[in-house]
Structure formats: structure tokens, C-alpha cells
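Report on the structure given below.
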Amino acid sequence: MKPHPSTKIIHPEYVAPEGFSAFPMAVHRASTVLFENVAAMRSSNWLDKSIYTYGLHGTPTSRTLEARLAAIEEGEYCLLAPSGLSAISLVSLAFLKSGDDVLLPDNVYSPNRELAQWLVRDYGVSARFYDPMIGAGISELIQDNTRLIWAEAPGSVSMEVPDIPAICAAAHARGAIVALDNTWSAGIAFKPFSHGVDITMQALTKYQCGGSDVLMGSLVTRDIKLHERLETVRRLLGLGVSMDDVSLILRSLPSMPIRFAAHDNHARTIATWLSARPEIVKVLHPALSDCPGHENWARDFTGAGGLFSVIFDPKFTEAQTDRFIDSLSLFKIGYSWGGAHSLCLPYRMKTMRSNWAEQGQLVRFNIGLEDVADLISDIEQALAKMV
Ligand SMILES: *Cc1c(COP(=O)(O)O)cnc(C)c1O
């Protein structure tokens with residue numbers, strides 16, 4: 001019987017030191033790693049993950065996390081980066097050089113948009129932003145120098161779900177690689193490689209950590225050449241992760257599938273409740289039919305995360321929706337998501353998108369693990385404060 005990934009992350013292939021048996025593995029911290037003899041030192045290759053060469057390139061603790069993350073997303077190779085954003089930057093720095101072109105969705109995670117604009121300004125790269133709902137039409141945008149296509153499923157804040165298989169097919173037909181920011185699905189609800197993705201990125205800061213106390217990122221591939229290129233750039237930038245932070249993620253990972261299912265369940269209940277409210281004109285939750293790309297979600301995903309947005313009736317001003325957020329008591333105001341606590345944030349969409357048609361204010365919810373009825377009462381009392 002082939003175990004389910006959620007079983008595999010609880011039953012890893014870890015051998016405890018002789019005479020000692022416990023579930024957690026030791027936290028191996030090291031800068032210097034010792035070699036048996038000079039010959040072993042001389043013949044060692046830091047890229048060889050069957051051996052250890054230096055703390056920056058991994059210890060048994062980080063290798064264990066890498067193997068489990070690769071298993072969740074059904075990939076082969078994984079590297080860890082000090083934040084989700086550093087994982088994103090590694091991809092663009094590894095695969096873009098002067099003269100190359102990169103395509104990014106218009107709803108891409110904002111710092112990734114800024115990175116692309118910075119590469120354009122100072123590094124001779126060209127970057128263009130595409131409509132996330134473009135699907136197979138992206139082939140018309142791909143040029144001979146288009147090396148990398150970023151995708152995000154769903155996109156940040158406005159939550160459009162792209163047609164990933166169509167984008168990947170168009171990219172591969174022209175020799176471009178596709179990198180996907182797969183953070184929303186945690187790699188649980190969307191399996192990137194069976195949909196054609198080349199590199200998948202996770203902000204482990206979110207569900208993998210689950211405690212709102214660690215920043216980390218990962219990049220998983222099935223292609224050793226892509227992995228080694230990414231590892232080389234990671235090494236040259238000197239990026240490593242703390243083994244104590246890795247151990248915190250190893251501790252949270254076994255409960256991730258169950259936490260994710262609870263976030264999904266709570267978020268769908270609240271999103272459905274909000275869709276019946278007169279103050280709200282649209283609920284941008286991929287599992288609800290109002291969300292652009294809902295049909296792609298229904299075809300390709302097996303679940304949803306706890307993050308979604310709503311559009312208020314245009315009759316409510318920004319001051320009124322700000323008052324709604326300030327009136328919430330269980331929902332706190334802050335960046336990031338994926339932990340046990342519910343969060344709420346406003347976004348000024350016209351400043352973030354090339355073409356933003358919606359007239360009402362957009363507010364994003366991260367649904368945590370509090371009791372759903374309590375969260376709904378909190379939203380209800382805050383809505384009443386708006387008028
Ligand atoms: C949070 C987030 C990131 C960045 O992760 P950090 O660890 O905060 O740098 C990237 N992409 C998405 C979609 C995110 O939500």
C-alpha cells in the first residue's frame with residue numbers, strides 16, 4: 001500500500017541514535033561539518049545531497065524537511081530559503097539574465113512585481129504583466145527571449161484562478177519554464193507537477209509553519225538541472241535557514257493537512273454567509289462561482305485555503321470599510337496568514353493592477369481556527385458599525 005502524503009509526513013525514514021527512540025528527530029545545528037579524511041573532503045561535491053559538506057548546504061534536519069516538502073507537492077528536489085520572498089527572488093535571479101523576458105500575472109504577489117520592475121530598471125531584463133485569466137492566449141505574448149513565466153494560483157488579493165495546464169503547455173511549446181507560487185493551496189489542494197509546472201514555490205511562513213512565528217520558503221522541482229541551478233544561486237547569495245526554525249516547521253507539518261481542511265471548511269462557511277449579505281456585491285473565493293477562474297479551481301483543485309476577499313457595495317466609502325475592519329475584534333489587522341488567528345486587511349486595488357474594473361472597496365479575510373459562529377458574529381456586529 002502506497003501511503004498518502006499526510007501519512008508519509010508523520011512516518012518519515014528517520015533513524016534515531018542507537019538506544020534512544022522518540023518521534024522528533026534531533027535538531028542538527030552546524031557550520032563546520034567533519035570529513036572522514038582528506039580524500040573524502042577532496043572528492044565531496046556540495047550539490048550531492050547524499051553527503052554533508054557545510055552547514056549552509058544542509059544538515060539532517062533540513063534535509064528531512066526538504067524531503068517531506070517535496071513529497072507533499074509530489075516533486076523530487078527541494079531547497080529551503082529564508083523567506084517566501086527570497087525563494088521567489090532565487091527563481092528570477094537563477095533564470096533571468098540581461099536580454100531575457102519574463103511574464104508575470106497582473107495579480108502576482110506585489111514584491112514579485114517590484115522585483116521584476118527592478119530587474120528591468122537595472123539588469124536589462126524585460127518584464128510584462130498578463131491578464132491572469134488569459135489561459136492559452138498567453139502563447140501570443142511569448143517571445144523568443146521569454147525565459148520564465150510566473151503563475152500564481154489563485155493570484156494575490158483578487159483571487160483569480162488561472163488555467164495552469166494551458167499556460168504550461170504554451171510555455172513549454174516555446175521553451176520557457178513555468179514557476180508557480182502555490183502558497184494558497186499549501187501543495188495539498190493543488191498538485192503542480194501533474195498540471196505541468198516546472199518549479200513550485202511555497203511561503204512556508206503560512207500553513208507549513210502554522211504558528212505565525214517562522215519565516216521560510218521552499219522551491220520544489222522534478223528536474224535536477226533546475227534544482228542545481230537554484231541551489232547554485234542560493235549558495236552564491238549565501239542564503240541559509242536556521243535549523244531551529246526548520247525544527248519548528250517539522251513540528252507543525254504533521255497537523256498541516258488537518259489544519260488546512262479546517263481553514264477550508266471555516267472559510268467556505270464564512271464566504272457563503274458573506275455572499276448573502278446586502279453589503280457585499282462579490283465574494284472572491286475560488287470555490288464560489290463569483291470568483292474569476294472558479295471553473296479552473298473546480299477542475300484542478302481538491303480543496304481551498306482560508307484566504308479570500310470580498311468586494312463591498314460601491315455605496316460604501318473607504319472610510320466606511322476601514323471602520324468595518326477597525327470594529328472587528330476577533331479579526332486582527334496584519335500581514336501574512338496561515339496561522340490560527342483570523343486577519344482582515346483592506347487593499348487599494350487601483351494602485352495594484354493595470355486594469356481594475358470593480359468599483360467597490362476590496363477587503364481580504366484570512367480565516368483562522370476560531371469557532372466559526374464566533375467569527376460570523378464578529379463580522380455581523382462590525383458590518384452594523386459601517387452605516
Ligand atoms: C506570504 C506570501 C509570500 C511571501 O512569503 P514570506 O515568507 O512572507 O516572504 C509569497 N507569496 C504569497 C502568495 C504569499 O502569500
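Each ligand, and each atom within it, is numbered from 1 in the order the structure gives.
For the residue pair Asp181 / Thr183, a side-chain donor-acceptor distance below 3.5 Å is found, with atom types taken as modelled. Looking only at atom types and distance, the side chain of Arg174 has no donor-acceptor partner in the side chain of Thr146 under 3.5 Å away.
Atoms of ligand 1 found under 4.0 Å from any heavy atom of Trp337 (numbered from 1 in listed order, with element): 15 (O). Those atoms of ligand 1 with a heavy atom of Leu215 less than 4.0 angstrom away are 7 (O), 8 (O). Of all atoms in ligand 1, listed by their number and element, those nearer than 4.0 Å to a heavy atom of Glu152 are 13 (C). Interface of Leu85 with ligand 1, defined as ligand atoms under 4.0 Å from a residue heavy atom, comprises 4 (C), 5 (O), 6 (P), 9 (O).
The shortest separation from a heavy atom of Tyr335 to ligand 1 is not under 4.0 Å, leaving the residue out of contact.
The protein heavy atom nearest to atom 11 (N) of ligand 1 is Asp181 OD2, 2.6 Å. The protein non-hydrogen atom at the shortest distance from atom 2 (C) of ligand 1 is Lys206 NZ, 2.4 Å.
One finds a salt bridge joining Lys49 and Glu231 here, because a Lys/Arg side-chain nitrogen approaches an Asp/Glu carboxylate oxygen to under 4.0 Å.
Surrounding CG of Asp144 are at most 12 heavy atoms belonging to other residues, nucleotides or ligands under 6.0 Å away. By the 6.0 Å contact criterion, CZ on Arg299 is enclosed, its count of non-hydrogen atoms from other residues, nucleotides or ligands being greater than 12. Residue Tyr54 places its OH atom among 12 or fewer non-hydrogen atoms of other residues, nucleotides or ligands, all under 6.0 Å distant.
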Practice task
Dump the intermediate steps for salt bridge (charged side-chain N to carboxylate O under 4.0 Å, His left out) on Asp326 and Lys385, then the final yes or no.
Solution key: CA-CA 10 Å; Asp326 282 335; Lys385 304 266 166 58; over 6 Å; no
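When non-hydrogen atoms are compared, ligand 1 lies under 4.0 Å from neither the backbone nor the side chain of Trp184.
Annotation: Ser336 places no N or O atom under 3.5 Å from an N or O atom of ligand 1; distance criterion only.
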